Amino acid sequence: MPKQMPDKPTLDGLEASWDAVWEEKGTYRFDATATRDNVYSIDTPPPTVSGSLHVGHMFSYTHTDTIARFQRMTGKAVFYPMGWDDNGLPTERRVQNYYSVAGDASMPYDPAWKPKFRGDVPKDAQREMISRRNFIELCQELTVEDEKAFEHLWRTLGLSVDWSQTYATIDDRSQRVSQKAFLHMVAAGKAYQLEAPTLWDIDFQTAVAQAELEDRELPGAYHRIAFHRTDGQGDVFIETTRPELLPACVALVAHPDDERYKPLFGTTVRTPLFNVEVPVKAHPLAQPDKGSGIAMICTFGDTTDVIWWRELQLPTRAIIGRNGRIVADAPEGVAPQPYARLVGKTSKQAQTETVIMLTESGELIGEPKKITHPVKHFEKGDRPLEIVTSRQWYVRTIENKERLIELGRTVTWHPDYMRLRFENWVDGLNGDWGISRQRFFGVSFPVWYPLNADGETDYNNPIYADEASLPIDPASATPPGFTEAQRGVPGGFVADPDVMDTWATSSVTPQIAGRWTEEGSDLFDRIFPMDLRPQGHDIIRTWLFTTMVKSHAEFNVAPWKNASLSGWILDPDRKKMGKSKGNAVTPIDNLQEFGSDAVRYWAASARPGVDTAFDTGQMKIGRKLAIKLMNASKFVLGITGGAPADLAAVTHPVDQAILFRASALISETTAAFNDYDYARALERTETFFWNFCDDYVELVKNRAYDNEGIDPVGSASARSALAQVLSTLQRLLAPFMPFVTDEV
RNA sequence: GGGCGGUUAGCUCAGUUGGUAGAGCACCGCCUUCACACGGCGGGGGUCGCUGGUUCGAGUCCAGUAUCGCCCACCA
């Protein structure tokens, strides 16, 4: 029903009132009967609900929303779901602290169990061990509150999401889809398990994937150490930053063309202190200009060690345990006396002790030379990664590099150069994708292993769950053909204790949102491959890449037609916001201060992919624009009485000219939107709007009023043109400022 | 070492077939006249990183270079 035109239009309160209207009318509901060619589907990024809200969220989600609103206005049925990423380490850590619990994958589910504490954990409380399923239930309980806060923010911001299409990455639907996709890959030979050296976080005690690594500059020192030639011809000097790995040394290596070391190839040397005979080998990866040009190979100091160990077929002498401490038993052949002095120590402590021993024995040459060097870390971890041998699940990527790049080229990238980041990442992969994690809050592998008569696990004959039984937790469910009483006993079975990496779940968001293979649902066929994947450019190597891998494995097509990459929000010091402490702004405050349309204006002013400074000045401009639109509309509607435009009445050349320009603007902005350049569409519309107000309106004002009644034809012409252009402007601005345009 | 992006007014940025440099903010000045003081109008301010080339004409195209940032590789 028409509202009374206010004397003084205001932006205040529009968010709440229009959100209620949109919800009540189901304005943004997906039409599930629409056919694929009339659907526009969006693979919305599920935000990490255990993280805090920040302005970066509003920024990138606004970009997507302008596209969604544009597509809806072209007549498409827009599939715009929302997911919550509650799966993974951040949630797990919060749950541990909030309820004072820890997960134990071997414990059975106890449906009656309740937590003793909720946030009010006494300092001396002992963490209670609970089953994985109980742990997951706590995670779900705790994240519900966060999800509410996010939904409130999104609604206030005016995201035209269909709120009946939501999911959480740990809910049953996500688990079923993740497990099913996994079983398909196993059946097709695209996923496999392998016991191999793995990058390992000693604090979280889990494997870590290549995509989760980050380098940090740490102080270190080159230690020059003497190895003794077994032919009695003197010593060979190596330089190492990790002398504590001496007992793990399995060979020395130099470049095949290095004249200094050529005579040594094929001979052996003895390690200092530990007195192990190791060969001297040649390998092209050895760099003559690094250190002394000859390096010790340890199992394992870094990823190059792994390559040498594999390619030169060297033995294994592992000394670092999964907790990062030196293991109790010395590898075979290692002198026990000096080794005993290292047992139980951390790498750092062991290094100090080794240096003392080497100094005592005279085998450390000179003072260690201090350096700083990059050291690999888990991006969420504190201490450097170690490499330990462990059994993990992998998805084949290396053999599919070419095909993945090819599929990447079937996607239209916005901006286009982001495609190269994807291709560079794929091109640079040096191992398959490790998807198993030794954690609790994640999707479990639907797998058990038989135990032989001696109670040993038979990893070669895994028992896979039936697809019909998914989702399942093997720690609680019993494999086909067994009874629960056989769990953990010889001749029985054990569950796979691991969970999937968080990316192994979020990499199937199109399948989750689209209810893939869900009984009674044909949604997936209507939305897949999806039209758009919007996301930040920082997670091309994770989310975008892994989604491509899964889509390739299951469907052999790219999961979307377009990928649009949003930039970062930078604080005024050009630092990434939210990373450094104290500069994070609460988004809801911005929305209240400037109005959602103004914040959306700021976000939409940034060109696709461009890192953008947080700028309240730009929000002020947006607010000004929204107010101007109100006032201009008040003027036009006041003069026309809200009557629709009669284009036949537009006879005056000035009026025809403005319609002509408006028409050109529609073409230009439509083209920009079709090219995902929302910023251009906004900028052109804004420029036109200000010219319209400043020039055209002032020019025709008196003729439109026609207070004297001397030119009714000219007046009608102006009124119709005003009404028509105002209507055009409302629609062109609607994707950016939905609250004020709907109000008008 | 490889790849990518930026470099235009004090600040944040736009500038799409090459055709006499733009916006907002900030600064200064004017205006409460019937859409707009949560405002309007006007003003000052730029050798478009640098060098060379193509062209009648280059912020725009080409080559080179400097510099900042991001990603990757290296990690003895």
Side-chain angles (χ1 to χ4, degrees), chain A residues 5 7-12 210 213 215 217-218 220 222-225 238-243 245 249 252-254 285-287 289-298 301-305 308 371-376 384 415-430 537-538 540-541 567-568 570 572 574-576 594-595 598 602 605-607 609-618 620-639 668 671-672 675 677 679-680 682-684 686-687 690 693-694 697-698 701-702 705 707 722:
Chain A
M5 182 133 49
D7 283 345
K8 200 170 171 62
T10 176
L11 300 176
D12 297 337
Q210 189 181 351
L213 304 182
D215 282 348
E217 286 289 333
L218 286 188
Y222 280 122
H223 300 75
R224 190 172 172 87
I225 297 174
I238 63 105
E239 292 191 9
T240 179
T241 56
R242 301 202 59 184
L245 292 178
C249 178
L252 298 189
V253 65
L285 236 49
Q287 295 179 37
D289 56 340
K290 273 267 169 73
S292 61
I294 186 164
M296 69 170 181
I297 303 173
C298 303
D302 61 39
T303 49
T304 317
D305 278 345
W308 282 328
I371 56 156
T372 60
H373 60 158
V375 181
K376 280 196 199 315
D416 180 63
Y417 62 76
M418 293 294 183
R419 190 189 77 248
L420 295 170
R421 298 198 182 185
F422 171 74
E423 293 184 4
N424 286 343
W425 170 255
V426 174
D427 198 44
L429 287 172
N430 50 35
H537 60 62
D538 54 319
I540 289 175
R541 67 177 185 168
W568 287 114
L570 308 171
R574 310 294 296 173
K575 297 257 171 57
K576 211 157 87 183
F594 301 102
W602 158 73
S605 300
R607 311 203 83 75
V610 175
D611 292 347
T612 302
F614 177 71
D615 184 7
T616 54
Q618 202 67 17
K620 280 184 199 162
I621 300 167
R623 186 173 174 82
K624 233 167 93 168
L625 177 62
I627 291 164
K628 185 81 173 176
L629 183 61
M630 282 252 176
N631 284 313
S633 302
K634 182 187 156 201
F635 166 72
V636 173
L637 295 174
I639 217 166
E668 190 181 12
D675 198 29
D677 194 347
R680 184 179 176 79
L682 172 58
E683 190 257 333
R684 292 305 153 116
E686 187 186 8
T687 302
W690 285 100
C693 291
D694 294 353
V697 169
E698 296 304 327
K701 209 181 234 179
N702 289 332
Y705 276 130
N707 291 330
L722 284 168

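Computed from a prediction, not measured in an experiment: that's the story for all the values here. Naming: A, B, ... by sequence-line order, numbering from 1 per chain. For the numbers below, each heavy atom of this structure counts, side chains included, while hydrogens, waters and symmetry mates do not.
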Taking only the side-chain heavy atoms of A:W425 (C-beta and beyond), determine which of B:C72, B:A76, B:C38 contains the nearest atom.
B:C72

Of the candidates B:C4, B:U12, B:C74, the side chain of A:D215 sits closest to B:C74

Toward the 5' end of RNA chain B, which comes first, A:N631 or A:R421, by nearest nucleotide?
A:N631

From the list B:A76, B:G40, B:C72, which nucleotide is the closest neighbour of the side chain of A:K628?
B:G40

Within the sub-3.5 Å range, which N or O atoms of nucleotides 16-18 of chain B have a protein N or O partner, and how far apart are they?
{"from": "B:U16", "atom 1": "N3", "to": "A:R680", "atom 2": "NE", "distance (Å)": "3.4"}
{"from": "B:U16", "atom 1": "N3", "to": "A:R680", "atom 2": "NH1", "distance (Å)": "3.4"}
{"from": "B:U16", "atom 1": "O4", "to": "A:R680", "atom 2": "NE", "distance (Å)": "2.7"}
{"from": "B:U16", "atom 1": "O4", "to": "A:R680", "atom 2": "NH1", "distance (Å)": "2.2"}

Run through RNA chain B and report every stem of 3 or more consecutive Watson-Crick or G-U pairs, distances under 3.5 Å, ordered by first number.
B:1-7 with B:66-72, B:10-13 with B:22-25, B:27-31 with B:39-43, B:49-53 with B:61-65

Go through the structure and list residues passing side-chain contact (heavy atoms from CB on, under 4.5 Å) with A:E686, not counting sequence neighbours.
A:Y601, A:I621, A:L625, A:W690

From C-beta outward on A:H373, which listed nucleotide comes closest to its side chain: B:A76, B:C74, B:G5?
B:A76

Under the ring pair (Phe, Tyr, Trp, His ring centres under 6.0 Å) test, residues paired with A:H223 that sit two or more places apart
none

Under 4.0 Å, counting only non-hydrogen atoms across every strand here, what does A:C693 touch: a base, just sugar-phosphate, or nothing?
base

Measure from the side-chain heavy atoms of A:P374 and tell me the nearest of B:G5, B:A76, B:C74.
B:C74

With the side chain defined as heavy atoms from C-beta on, A:L420 is closest, among B:C38, B:C4, B:C41, to B:C4

side-chain contact (heavy atoms from CB on, under 4.5 Å) filter on A:E217, not counting sequence neighbours, yields A:T372, A:P374

So A:A286, base contact, sugar-phosphate only, or nothing? Heavy-atom distance under 4.0 Å.
base

Produce the list of close N/O pairs, under 3.5 Å, pairing protein atoms with atoms of nucleotides 19-24 of chain B; give distances to one decimal.
none

Should A:T303 and A:K376 count as side-chain neighbours, where that means a heavy-atom distance under 4.5 Å?
yes

Need one value for A:S605: base, sugar-phosphate or nothing, where a base atom within 4.0 Å counts as base even if backbone is also close, heavy atoms only.
nothing

